[in-house]
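Everything below concerns the one structure shown next.
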Amino acid sequence: MALVAVLPLLLTACGSGGGKDRTSPTAPGAVTAQASSATSVHVMWRASSDNKAVTGYEILRDGTTAKEVPADRSMIDVTGLTASTPYRFTVRALDAAGNRSVPSAPASVTTPAATPDDKRPPSAPARLTGRADGTGAAVLTWGRATDDVGVTAYDVYQEGARIHSVGGALTTARVTGLRPGTVYTFTVRARDAADNSSPDSGAVDVTTASAPGAPPSTAPAGLRASVARAASGSATEITLHWVPPRTGGDIGAYQLFLNGAPTTTIVPGTPSPEGLGSYTFTVTDPPGTRYSVKIRARLPDGKWGDFSAQPTVAVP
């Protein structure tokens with residue numbers, strides 16, 4: 001009889017699901033919504049936490065799911081909206097067990113009026129400057145762009161990817177989530193209500209402060225570029241000089257990026273008497289063509305190091 005009494009208890013315990021994750025993530029914080037055009041809104045938020053891991057975020061427009069993004073995202077453009085219309089956005093965090101956080105505090109926004117005949121983009125923002133704000137943030141400031149109708153937003157780009165947006169009345173932005181002791185290159189574009197984007201502003205390099213106890217930067221330093229007409233007269237030579245990073249071992253190669261795309265691998269030669277690395281390559285593009293140039297080193301452990309600053313050169 002004792003065996004018969006114990007067996008149901010064991011079965012009940014095994015089927016109880018006691019190990020299931022029932023803890024919901026925290027609600028996303030600092031949610032903002034910025035109308036980028038008459039039909040789109042840029043939503044940003046601060047990451048949530050979870051007892052195991054956040055796996056994604058759900059963006060709700062007026063209580064209805066508009067988008068879902070993976071956990072490494074903290075911003076999204078919601079498109080297909082109606083001009084001159086108020087919207088209310090909230091964000092919820094998700095985990096692998098299907099738990100959802102409570103919705104964030106709401107962010108309200110009204111899209112501007114449509115300008116369907118506006119085909120002219122704004123001018124590029126001028127005089128972009130930047131400074132590090134501690135180990136993980138940067139503050140950018142620029143001059144206002146002009147537009148025949150009006151600038152509705154400024155978009156911040158890092159290495160060619162849009163990472164932040166602010167309203168058209170602002171000329172400054174604080175970018176967070178950066179790594180300590182790292183060089184970042186930023187540009188800014190202006191946007192109007194018809195979703196026309198300006199050309200890029202000039203680029204600015206910002207180096208975040210090193211964290212206490214953090215290893216030294218692995219980025220090549222002081223990268224500079226010069227241009228000269230090739231001996232043939234039909235091409236342009238671009239020559240790079242830089243200070244190799246101190247890695248405690250040999251650098252096997254450098255990787256060259258032009259306008260954000262990997263182009264070639266450089267096998268380092270003998271450094272100059274000043275200890276500088278150098279490389280010359282030839283381009284055949286027409287005068288006025290611009291290149292943004294950056295490099296990174298392959299470290300002694302075989303991994304790629306941090307990127308250098310990114311100067312821009314123009315074909316004469």
Side-chain angles (χ1 to χ4, degrees), residues 72 128-140 156-164 174-188 200-228 236-283 290-314:
D72 61 352
L128 177 63
T129 61
R131 61 176 176 83
D133 186 8
T135 59
V139 176
L140 307 176
V156 178
Y157 285 77
Q158 182 223 325
E159 309 295 356
R162 181 153 62 94
I163 61 166
H164 194 65
R174 186 173 185 268
V175 180
T176 60
L178 307 181
R179 289 184 297 160
T182 303
V183 180
Y184 290 90
T185 301
F186 299 102
T187 55
V188 176
D200 284 338
S201 69
V204 65
D205 294 321
V206 177
T207 303
T208 52
S210 297
S217 172
T218 59
L223 179 66
R224 65 180 190 272
S226 59
V227 296
T236 299
E237 292 182 342
I238 300 177
T239 299
L240 308 178
H241 293 282
W242 65 89
V243 178
R246 296 181 179 180
T247 61
D250 292 333
I251 294 173
Y254 292 93
Q255 191 176 32
L256 171 65
F257 283 66
L258 295 180
N259 295 335
T263 302
T264 191
T265 299
I266 303 168
V267 177
T270 303
S272 70
E274 297 81 14
L276 300 179
S278 64
Y279 178 69
T280 299
F281 61 98
T282 301
V283 296
R290 296 172 65 84
Y291 288 103
S292 59
V293 184
K294 63 182 179 181
I295 60 172
R296 61 180 178 176
R298 179 178 287 143
L299 307 180
D301 63 3
K303 298 179 180 178
W304 291 108
D306 293 324
F307 281 112
S308 69
Q310 185 171 253
T312 299
V313 294

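The structure displayed is predicted, hence computed values, not measured ones. Hydrogens, waters and symmetry mates play no part in the numbers below; they use all other heavy atoms, side chains included.
What you find for Ile238 and Val227 is that their closest heavy atoms are CG1-CG1, 3.9 Å. Counting all heavy atoms, side chain and backbone alike, Ile251 lies closest to Pro244 at CD1-CB, 4.3 Å. The shortest heavy-atom contact between Ala138 and Val206 is CB-CG1, 3.9 Å. When every heavy atom of Pro220 is checked against every heavy atom of Pro245, the shortest pair comes out as CA-CD, 4.0 Å. For the residue pair Arg290 and Thr312, the shortest heavy atom distance occurs at NH2-CG2, 3.4 Å. Of all heavy-atom pairs between Leu223 and Pro311, the closest is CD2-CD, 3.7 Å.
Rounded to the nearest 0.5 angstrom, Leu240 CG and Ser278 OG are separated by 8.5 Å. Rounding to the nearest 0.5 Å places OG1 of Thr282 at 4.5 Å from CD of Glu237. Annotation: the span from Gln310 atom CD to Leu258 atom CG amounts to 9.5 Å, rounded to 0.5 Å. To the nearest 0.5 Å, the span separating CD1 on Ile266 from OG1 on Thr264 amounts to 7.0 Å. Note that CG of Asp301 and OG1 of Thr218 are 9.5 Å apart. Values are rounded to the nearest 0.5 Å. The structure places OG of Ser292 at 4.0 Å from CG of Asn259, a figure rounded to the nearest 0.5 Å.
Under the rule for a salt bridge (Lys or Arg N to Asp or Glu O under 4.0 Å), the partners of Arg174 that lie at least two apart in sequence or sit in another chain are Asp133. Looking at residues two or more places apart in sequence or on another chain, you find a side chain to side chain contact (heavy atoms under 4.5 Å, CB included) between Val175 and Leu140, Val156, Ile163, Leu178, Phe186. Remark: Thr207 engages no residue in a side-chain hydrogen bond (donor to acceptor under 3.5 Å, both in side chains) (not counting sequence neighbours). For Thr280, the side-chain hydrogen bond (donor to acceptor under 3.5 Å, both in side chains) criterion is met by Thr239, not counting sequence neighbours. Qualifying side-chain hydrogen bond (donor to acceptor under 3.5 Å, both in side chains) partners for Tyr279, counting only residues two or more places apart in sequence or in other chains: none. Applying the side chain to side chain contact (heavy atoms under 4.5 Å, CB included) rule to Ala253 yields the partners Thr265, Arg298; only residues at least two apart in sequence or on another chain are considered. Qualifying side chain to side chain contact (heavy atoms under 4.5 Å, CB included) partners for Arg296, counting only residues two or more places apart in sequence or in other chains: Gln255, Phe257, Trp304, Phe307. Scored by the side-chain hydrogen bond (donor to acceptor under 3.5 Å, both in side chains) test, Ser217 finds no partners at all (sequence neighbours excluded). Remark: Ala203 pairs with Thr185, Thr187 by the side chain to side chain contact (heavy atoms under 4.5 Å, CB included) rule, at least two apart or across chains.
Judged purely by atom type and a 3.5 angstrom limit, Thr208 uses its side chain to pair as donor or acceptor with the backbone of Thr182.
For Asp250, the CG atom counts as loosely surrounded, since its 6.0 Å shell holds 12 or fewer non-hydrogen atoms of other residues, nucleotides or ligands.
Listed by first then second residue, pairs satisfying salt bridge (Lys or Arg N to Asp or Glu O under 4.0 Å) with a partner in residues 175-186 read Arg179-Asp306, not counting sequence neighbours.
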